[in-house]
Peer 1: 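I have a structure here, written as structure tokens, and I will follow up with some questions on it.
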Amino acid sequence: MKSAVILVSGRGSNMRAIVEARTGLEVKAVIANRPDAPALPWAVERGLATRVVDHREFATRDAFDERLALEIERLRPDLLLLAGFMRILGEAFIGRFAGRMVNIHPSLLPAFPGLRTHRRALEAGVKLHGATVHMVTAALDGGPIVAQGAVPVLAGDTEESLAARVLEVEHRIYPQAVRWFVEDRIESNGRDVVQVRGTGASHDWIVSPRNAE
Ligand code: GRF
């Protein structure tokens, strides 16, 4: 069985999707960098262990990273899943968890790394947008891609309507990627292109949302 620690900062809908998908993953703990993260009460209710490492209590980014790393290492997870974790982690931290740290980003990377991806997609006039599950490396939103899901950008879309359509895809591809890890089907050294072993695994997974007619 594979185990994971899930890092969150906010509402935690991706965390919920992963937990509810029953992938066989053992969630050792949910760790938030904000004590008021709405993800925490949900995790507690589900009987999951939770921790808070509040970034505001640390004088430097490195001191925060160090404490977070210690909390995680104590739990000895196979995977570290970032699910709406809104802190940039330093190179030393990333090095410690290289090859087992995974993130979900709300764009079809390498397009639109960073913030406000939906607004930037609308401004750029792209016709397809989506989400990417990727390994975390020191390059911001630049690590090897594990899974992607695409949705159409529709006439009249707002940042909110596009975000909602993409979020639906996030909730499908993140649990799917976790399942591949649990089944030991991911070949990744954390640096090069990720291969998924076996059938039914696609890197370019076009998902048609219900409201795309
Ligand atoms: C998601 O859009 C995710 O892709 C991004 O932050 C958002 C987090 O949402 N990294 P949630 O906390 O999982 O609901």
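Side chains included, hydrogens not; waters and symmetry mates left out as well; all remaining heavy atoms used. Just follow the structure's listing: the first ligand is 1, and inside any ligand the first atom is 1.
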Peer 1: Provide, to 0.1 Å, the distance between atom 5 (C) of ligand 1 and the closest protein heavy atom, together with that atom's residue and name.
Peer 2: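 Nearest neighbour among protein heavy atoms for atom 5 (C) of ligand 1, to 0.1 Å: Pro106 CD, 3.9 Å.
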Peer 1: Only one of Asn14, Val136, Leu25, Ile104 clears side chain to side chain contact (heavy atoms under 4.5 Å, CB included) with Leu81; which?
Peer 2: Leu25
Peer 1: Are Arg46 and Glu20 ion-paired here, with the side-chain N under 4.0 Å from a carboxylate O?
Peer 2: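 Looking at Glu20 together with Arg46, the answer is yes, because their closest N to O distance falls below 4.0 Å.
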Peer 1: Among all protein non-hydrogen atoms, which one is nearest to atom 12 (O) of ligand 1, and what is the separation to 0.1 Å?
Peer 2: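 Result: Gly12 N, 2.9 Å.
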Peer 1: Without hydrogens or angle criteria, can the side chains of His171 and Ser13 be said to hold a donor-acceptor pair below 3.5 Å?
Peer 2: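 Yes.
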Peer 1: What's the shortest distance from atom 3 (C) of ligand 1 to any protein heavy atom, and which residue and atom give it?
Peer 2: Glu170 OE1, 3.2 Å
Peer 1: Restricting to side-chain contact (heavy atoms from CB on, under 4.5 Å), what partner residues turn up for Ala138, sequence neighbours left out?
Peer 2: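 Testing Ala138 for side-chain contact (heavy atoms from CB on, under 4.5 Å), a comparison that skips the adjacent residues, returns Glu91.
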Peer 1: If you count every heavy atom of other residues, nucleotides or ligands that lies below 6.0 Å from Arg76 atom CZ, does the total exceed 12?
Peer 2: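 No - once you tally the heavy atoms of other residues, nucleotides and ligands closer than 6.0 Å, there are 12 at most.
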Peer 1: Arg96: which residues meet the side-chain contact (heavy atoms from CB on, under 4.5 Å) condition with it, sequence neighbours left out?
Peer 2: Glu66, Ala69, Leu70, Glu73
Peer 1: With nothing but distance in play, are any N or O atoms of Ile104 less than 3.5 Å from an N or O of ligand 1?
Peer 2: yes
Peer 1: Considering only protein heavy atoms, which is closest to atom 9 (O) of ligand 1, and at what distance to one decimal place?
Peer 2: Arg11 NH2, 3.3 Å
Peer 1: Is there a polar contact between ligand 1 and Met15, counting only N or O atoms under 3.5 Å apart?
Peer 2: no
Peer 1: So for ligand 1, is Asn14 a polar contact partner (N or O within less than 3.5 Å, distance only)?
Peer 2: yes
Peer 1: Between Arg87 and Asp65 (salt bridge meaning N to carboxylate O under 4.0 Å), is one present in this structure?
Peer 2: no
Peer 1: Are any of the N/O atoms in Asn103 less than 3.5 Å from those in ligand 1?
Peer 2: no
Peer 1: Which protein non-hydrogen atom lies closest to atom 8 (C) of ligand 1, naming both residue and atom, and how far is it?
Peer 2: Gly84 CA, 3.5 Å
